Amino acid sequence: MVEPERIQPLNRKPRRPGRYVLYWMQQSQRAEWNPALEYAVGQANALGQPVVVVFGLTGRFPEANLRHYRFMLEGLRETLQALAGRGIRMVVLKESPVTAALRLAAEASLLVADRGYLRIQRLWRQRVARRARISVVQVEGDVVVPADVASSKEEYGARTLRPRIQRHLERFLTDLVPEPVRKDSLGLSLEEGIRLDDLDSVLAGLQIDRSVPAVGSFRGGTCKARELLDRFIQERLSTYRQESADPGLNNVSHLSPYLHFGQISPVYAALEVRRARGVRRENVEAFLEQLIVRRELAVNFVLYNPSYDRYEGLPEWARRTLERHKADRRAYLYTEQEFERAETHDPYWNAAQREMVTTGKMHNHMRMYWAKKILEWTETPADAFRIALALNNKYEIDGRDPNGFAGVAWCFGKHDRPWAERPVFGQVRYMNAAGLERKFDMEAYLKRVPPRL
DNA sequence: ATCGGCTCGCGCAA
DNA sequence: TGCGCGAAGCCGAT
């Protein structure tokens with residue numbers, strides 16, 4: 001049963017007598033723990049119709065490259081098979097999500113969409129809702145507490161969002177029981193769509209940026225995500241609070257790429273972690289703080305701040321103080337290319353950059369240090385913001401995620417408070433290598449990251 | 001090793 | 001209007 005607050009009509013058009021209920025999959029790329037899918041199945045059962053799933057595979061998602069597409073397609077291939085196992089046909093069309101959804105909506109009774117919070121995802125849904133001739137309903141499945149239920153405005157920090165999430169948490173942290181599929185859609189006559197058996201040839205047929213190679217360190221897909229989560233709970237959760245910040249230990253879940261593509265449900269992950277046996281409460285709480293409060297603070301940021309991907313999206317006090325120190329002498333200055341090639345004087349910074357470029361994922365604590373240093377070693381804070389975000393989006397598997405936008409902005413003062421004034425940073429929180437060495441085993445970090453690009 | 005100060009703005013209590 | 005407090009800070013004093 002999907003919570004009613006996850007369900008929102010996106011237009012006022014009627015249902016029509018079509019051949020099937022259409023689930024337009026976009027953000028939640030999974031066949032289980034997917035409220036939009038289960039809602040679609042429930043509606044289809046009530047109408048005595050089958051469910052068809054459509055996915056529009058566009059080569060034009062902003063800033064997406066081979067690395068992102070490979071990971072996403074590994075997940076989609078598995079999802080397609082899992083859906084077939086439930087008697088649900090998934091059609092993958094090589095065109096924009098909007099036109100793909102509209103094409104199959106022509107013969108549908110009702111269109112169900114999942115939810116994504118980025119600007120482009122909201123725009124896509126708006127267009128589909130406006131141009132479809134049928135009722136379009138959006139079902140939230142990307143966060144635990146739907147962002148507009150938690151708050152109706154941009155929150156100032158984790159401190160102000162946390163109680164708002166807590167208020168609703170229990171209501172939304174519930175099992176999602178799969179609906180039985182009463183009428184299967186595997187035999188329907190439909191557009192073929194493209195096959196996903198051979199991902200190399202699918203990728204070869206897409207007009208995408210191929211300059212960033214796929215990574216072997218993380219394979220996409222729900223199974224892989226579940227495996228990582230299980231292992232995390234078994235082996236790492238019981239020391240999470242103490243160790244998760246240490247880049248040398250890497251004691252983290254590694255779920256963020258999977259969450260980014262909707263290959264695993266945050267509700268499922270939260271429930272699994274809560275149900276873990278023999279783990280101290282503080283560790284469970286520390287993980288849920290990341291998975292829910294911090295992640296959903298990032299979603300709040302991209303939903304309510306129209307400048308979430310620009311320097312202008314920073315709070316007034318941060319821009320003011322950075323502006324005041326714009327002319328300060330920088331001890332080092334690097335170009336975007338020097339950053340990209342990990343050619344700074346700082347071995348920790350270079351290691352972080354190499355970790356990101358080679359594995360597609362940088363340790364959480366290093367992401368902060370990394371962006372703070374780009375601010376310190378670039379001529380203007382606005383350039384630094386742009387460079388940090390561009391590199392993040394290019395090389396992280398979960399680039400262009402709300403977490404990335406909020407994470408970079410945090411390094412420039414967003415969701416943070418002012419600190420003692422100093423050169424370049426002004427009152428924005430400063431970090432340095434001595435801090436890393438004081439607290440963590442940085443030799444271990446250097447050892448676990450490839451020594452060169 | 002530990003501690004206070006740094007400094008802004010939100011939200012709540014009064 | 002006052003007050004407490006905040007993602008992971010740093011720095012100098014003790």
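Please read all numbers here as calculations on a predicted model, not as lab measurements. The sequence lines fix the lettering, A, B, ..., with proteins before strands; numbering per chain opens at 1.
- Comparing C:dC10 with B:dG9, their P atoms are spaced 23 Å from each other, to the whole Å.
- Partner assigned to C:dA7 is none, using Watson-Crick or G-U wobble distances below 3.5 angstrom.
- For A:Gln427 and B:dC6, the shortest distance from a side-chain N or O to OP1 or OP2 is not below 4.0 Å.
- When each of C:dA7, C:dA8, C:dC11 is scored by its nearest atom to the side-chain atoms of A:Tyr430, the top-ranked nucleotide is C:dC11.
- Residue contacts shown for A:Arg162 are limited to sugar-phosphate atoms, with no base heavy atom under 4.0 Å away.
- Across all strands, A:Arg438 comes closer than 4.0 Å only to sugar-phosphate atoms, never to a base (heavy-atom distances).
- In this structure, the nucleotide among C:dG6, B:dC6, C:dA8 sitting nearest to the side chain of A:Ala245 is C:dA8.
- Out of B:dC10, B:dC8, B:dC6, the shortest distance to the side chain of A:Arg159 is found at B:dC10.
- At a threshold of 4.5 Å between non-hydrogen side-chain atoms, the residues A:Tyr332 and A:Thr344 do not count as touching.
- Separating the P atom of C:dA7 from that of B:dT2 is a span of 23 Å, rounded to the nearest Å.
- The side chain of A:Arg320 places no N or O atom within less than 4.0 Å of a non-bridging phosphate oxygen (OP1 or OP2) of B:dC8.
- Distance from the side chain of A:Thr160 is smallest to B:dC10 among C:dA7, B:dC6, B:dC10.
- As judged by a 4.0 angstrom heavy-atom cut-off over every strand, A:Trp317 is placed among residues touching the sugar-phosphate backbone only.
- Atom P of C:dC5 sits at a distance of 14 Å from the matching atom of B:dG4, rounded to the whole Å.
- When distances are taken from the side chain of A:Arg429 to each of C:dC10, C:dA8, B:dG9, the shortest belongs to C:dA8.
- Distances shorter than 4.0 Å separate none of the side-chain N or O atoms of A:Arg417 from OP1 or OP2 on B:dC6.
- Separating the OH atom of A:Tyr348 from the C1' atom of C:dA8 is a distance of 18 Å, rounded to the nearest angstrom.
- Checked against the 6.0 Å centroid criterion, the rings of A:His68 and A:Phe61 do not qualify as a close aromatic pair.
- Rounded to an integer number of Å, the gap from A:Lys372 NZ to C:dA8 P is 10 Å.
- Contact annotation: the side chain of A:Glu376 approaches that of A:Phe425 to within less than 4.5 Å [non-hydrogen atoms, C-beta and beyond].
- A:Asp114 and A:Tyr23 are linked by a side-chain donor-acceptor pair at a separation below 3.5 angstrom, with hydrogens and angles left out of the test.
- Dashed line: the shortest gap from a side-chain N or O of A:Arg367 to OP1 or OP2 of C:dA8 is not under 4.0 Å.
- In plain terms, the two heavy atoms of A:Gln29 and A:Thr79 that are nearest each other are O-OG1, 3.1 Å.
- If you take CE of A:Met368 and P of C:dA7, they are 12 Å apart, rounded to a whole angstrom.
- Rounded to whole Å, the distance from CZ on A:Arg164 to P on B:dC10 is 13 Å.
- Contact check, A:Lys153 against B:dG11: a side-chain N or O comes under 4.0 Å of OP1 or OP2.
- Rounded to a whole Å, the CG atom of A:Leu161 is 20 Å from the P atom of C:dC5.
- Among the atoms of the strands shown, base atoms are found under 4.0 Å from some heavy atom of A:Arg294.
- Among the atoms of the strands shown, only primed sugar atoms or phosphate atoms (P, OP1, OP2) are found under 4.0 Å from some heavy atom of A:Gly435.
- In this structure, A:Trp410 atom CH2 and B:dC8 atom P are separated by 18 Å, rounded to whole Å.
- The base of C:dA8 is not paired with the side chain of A:Glu289 by any donor and acceptor separated by under 3.5 Å.
- Using N1 to N3 plus N6-O4 or O6-N4 for Watson-Crick, or N1-O2 and O6-N3 for G-U wobble, each under 3.5 Å, B:dA1 pairs with C:dT14.
- At a threshold of 4.0 angstrom between heavy atoms, the contacts of A:Glu316 with the nucleic acid are absent.
- Close to C:dA7, at under 4.0 Å from its OP1 or OP2, lies no side-chain N or O of A:Asn364.
- The P atoms of C:dG12 and B:dT7 are separated by 15 Å, rounded to the nearest whole Å.
- In this pair, A:Tyr334 and A:Trp377 present their aromatic rings perpendicular. The plane angle is above 60°, beyond the 30 to 60° band.
- Atom CD of A:Glu376 is separated from atom P of C:dC10 by 12 Å (rounded to the nearest Å).
- Note that A:Arg125 lies in the cation-pi zone of A:Trp24, set by a 6.0 Å cut-off to the ring centre and a 45° limit from the axis.
- Between the CH2 atom of A:Trp419 and the P atom of B:dC6 there is a distance of 13 Å, given to the nearest Å.
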